[in-house]
Amino acid sequence: MKRKFLAISIALFLAIAVSPKFSVAQDAPQLGKDPIEKVIGAMTIEEKAHFLIGTGMAGMSGNDAVVGETQSLVPGAAGTTYPISRLGIPAVVLADGPAGLRISPTREGDENTYYCTGFPVGTVMACTWNTELVEQVGKAMGNEVLEYGADVLLAPALNIQRNPLNGRNFEYYSEDPVVSGKIAAAMVRGVQSNGVGTSVKHFVANNQETNRTGNDSRVSPRAMRELYLKSFEIAVKESEPWTVMSSYNYVNGIYTSERKDLLTDILRDEWGFEGLVMTDWFGGTDAVAQIEAGNDLLEPGRPQQYDALVAGMKSGQLAMEDVDLSVKRIMELVLRSPRFKGYEYSNKPDLKAHAEITRQSAAEGMILLENKNNTLPLESSIKKVAAFGITSYDMIAGGTGSGDVHKAYTVSLIEGLTEAGYKLSKSITKEYESYLAEEAKKQAEDQSQLSAFMPKVRPDEFVPSEDMLAKAVKANDVAIITIGRISGEFLDRKLDRDFNLSANEVSLIAAVSKAFQDAGKKAVVILNIGGVIETASWKDLPDAVLLAGQAGQEGGNTIADALTGKVNPSGKLTATYPVKFEDHWSSETSLQLRKSKNWIWLVL
């Protein structure tokens, strides 16, 4: 009788086990409920391979560097991690960028908008020299990350501004590693105070955009330690970022994402970093070597990487110990994420309050480079303003590419001055608006301008006629001339008509300054730029020069606040402005000169 009962019990147990209502998946360990080691132990080789790479990027081969873009979970975010539902593992969202959250502002079939705040760029933030202020900005930025449903902000960027022509210098903080590290650490602390993560980037020696996936940074051990690694060391030790992003470039012949000495020996063993390392989008070529080096997550993921990882695990070429360690780090990231914790994001951050933070913080990063006879702040008797320069009417909030932000608006200088109570010359405004409309029409017809992520070519300045100047001087109290520069990913800046002013720009400054000064009136130059330009040849022409930088979406208002004396443009430079480009330490001419004198060249 006992044997019969036992046989029936076993049969019943087996029937229950294979029943659709009691699937094996329900008995699988669940992330967050079971130990991570148990969850890893339940994963198949194929699941591990998927988990080590992202969810892919439609329409991209993976052969070139790209700006990340996904429609999954949070449209317009850079990418996601791989979900495994049977183990209770959701995807988490990774989103750009250093000057604010970059996601799509609108969504198909949705009447709501998802604009984000365009904060001041990295160069402006660094020039404040105020870590408490930077932390406050980071806190506001991180709040938007949280409320819009992202989990990790792919920022801050803290590469050294090695050369003035680097297209992404606007994202970075300084040519000085200590300044860069301290400002980055403050930004990380601010963002992560919201319970979301950051990814300090681009690790390491990633200092140019031209040929960035093929560039080999040849760096001596001393220069690497004292210059290029130091800023990351400070940020890692003082702020504990959730993740670090490896860079596109080679370092001394090996891709950074494949260098164990950088990603494991130094970053983890020496500095004590306990977070996750991810690649830049489509960075590196050897998936097996990347995991072996300690690069845990390969973004955004491509089929060739999956195949290589599966083959490596099955053949024994890729040690399961290395795989499981990277899988564990990704799981630890997922466990920390708001999405895993079930945070009910609102999609309604306080954009108005964040705009006010932007306006206030940018002022501390603005710098008064020249101020003859106390030209600034403007005297209270000044009411009428003649605004020259196309950038007075088309202000640049920040750079392009992954560092751009889809913001609801950008305040131009004329809008800021009008809001401050000044009267702008209607005739001059009409001239510039007409000129810009014509130039925009030309660019729309130019097929080379189709890429949404490339810096668009800005029209050259036009020099006002003598008659236009004479009327402007007679009708206005002061002249303001705005010079602008735009840059971004994929391309470095140029020497002519970028680092150096164009002939028309110099003529504009000279003609306007002289016309107003001859009448006993003042001329002020505003620099709406993200990186270093040449100033020595023309800086004595105007009465004042204000380095406003790229101040974010409230730029026009902040500049107006500085011009009126409402705020103090109290910033200090964090980068060298050479008299001419050839004087810069990293220029080819300077390098050749040092070689001819048998100088020891330590940093390339």
Side-chain angles (χ1 to χ4, degrees), residues 54-60 66-85 89-119 137-155 191 194-199 281 299-301 333-334 337-358 397-411 444 449-454 456 488-489 552-554:
T55 51
M57 191 169 168
M60 295 295 172
V66 298
V67 173
E69 190 86 23
T70 182
Q71 297 306 310
S72 176
L73 299 179
V74 179
T80 64
T81 60
Y82 191 84
I84 304 176
S85 57
I89 305 173
V92 298
V93 177
L94 317 172
D96 292 316
L101 178 65
R102 188 180 68 83
I103 59 174
S104 297
T106 57
R107 300 174 184 177
E108 188 175 352
D110 188 343
E111 295 181 354
N112 296 308
T113 58
Y114 301 85
Y115 289 108
C116 298
T117 304
F119 293 92
V137 171
K139 186 174 182 179
M141 196 181 299
N143 175 256
E144 294 187 19
V145 176
L146 176 67
E147 294 302 336
Y148 277 133
D151 299 285
V152 177
L153 183 69
L154 304 177
V191 173
N194 293 273
V196 297
T198 58
S199 189
W281 266 228
E299 282 289 343
L333 175 70
V334 173
S337 69
R339 189 166 296 275
F340 182 84
K341 294 178 179 178
Y343 181 78
E344 296 182 6
Y345 50 90
S346 66
N347 277 325
K348 296 184 182 298
D350 193 343
L351 298 181
K352 185 176 181 180
H354 296 169
E356 189 60 32
I357 290 172
T358 297
T400 63
S402 61
D404 196 5
V405 180
H406 297 299
K407 45 210 168 287
Y409 63 87
T410 296
V411 179
Q449 297 298 321
L450 291 178
S451 174
F453 296 111
M454 301 288 279
K456 287 182 171 59
E489 285 192 70
Q553 68 184 48
E554 288 284 328

Is the side chain of [X] donor-acceptor paired with the backbone N or O of [Y] at a distance under 3.5 Å, no angle test?
X: N194; Y: V196; value: no
X: Y115; Y: V405; value: no
X: E144; Y: T117; value: yes
X: R339; Y: G149; value: yes
X: S402; Y: G97; value: no

Could you check E299 against W281 for side-chain contact (heavy atoms from CB on, under 4.5 Å), going step by step and ending with a plain yes or no? CA-CA 5 Å; E299 282 289 343; W281 266 228; 3.6 Å; yes
Show the nearest heavy-atom pair for residues [X] and [Y], with the distance to one decimal.
X: V93; Y: A77; result: CG1-CB, 3.6 Å
X: A91; Y: P83; result: N-CB, 3.5 Å
X: L154; Y: D96; result: CD1-OD1, 3.5 Å
X: M141; Y: P98; result: CE-O, 3.6 Å
X: P300; Y: M57; result: CG-CB, 3.8 Å
X: A397; Y: K407; result: CB-CE, 3.4 Å

Evaluate E69 against R102 for salt bridge (Lys or Arg N to Asp or Glu O under 4.0 Å), listing each step before the verdict. CA-CA 10 Å; E69 190 86 23; R102 188 180 68 83; 3.1 Å; yes
Distance (rounded to the nearest 0.5 Å) between [X] [atom1] and [Y] [atom2]:
X: L94; Y: S337; atom1: CG; atom2: OG; result: 10.0 Å
X: K348; Y: N112; atom1: NZ; atom2: CG; result: 5.0 Å
X: E356; Y: E554; atom1: CD; atom2: CD; result: 7.0 Å
X: Y345; Y: N143; atom1: OH; atom2: CG; result: 15.0 Å

What verdict does the side-chain contact (heavy atoms from CB on, under 4.5 Å) test give for Y114 and N347, after you've listed the backbone C-alpha separation in whole Å, the side-chain angles of each residue and the deciding distance to 0.1 Å? CA-CA 7 Å; Y114 301 85; N347 277 325; 3.6 Å; yes
Looking at residues at least two apart in the chain, or sitting in another chain, which of them share a ring pair (Phe, Tyr, Trp, His ring centres under 6.0 Å) with Y82? H50
side-chain contact (heavy atoms from CB on, under 4.5 Å) between I357 and K139: does it pass, once the steps are laid out? CA-CA 10 Å; I357 290 172; K139 186 174 182 179; over 6 Å; no
Kindly determine whether T358 and Q553 satisfy side chain to side chain donor-acceptor pair (under 3.5 Å), including the steps that lead there. CA-CA 8 Å; T358 297; Q553 68 184 48; 5.9 Å; no
Would you indicate whether the side-chain heavy atoms of Y148 and C116 approach each other to under 4.5 Å? yes
Could you go step by step and tell me if D151 and Y343 meet the side-chain contact (heavy atoms from CB on, under 4.5 Å) rule? CA-CA 10 Å; D151 299 285; Y343 181 78; over 6 Å; no
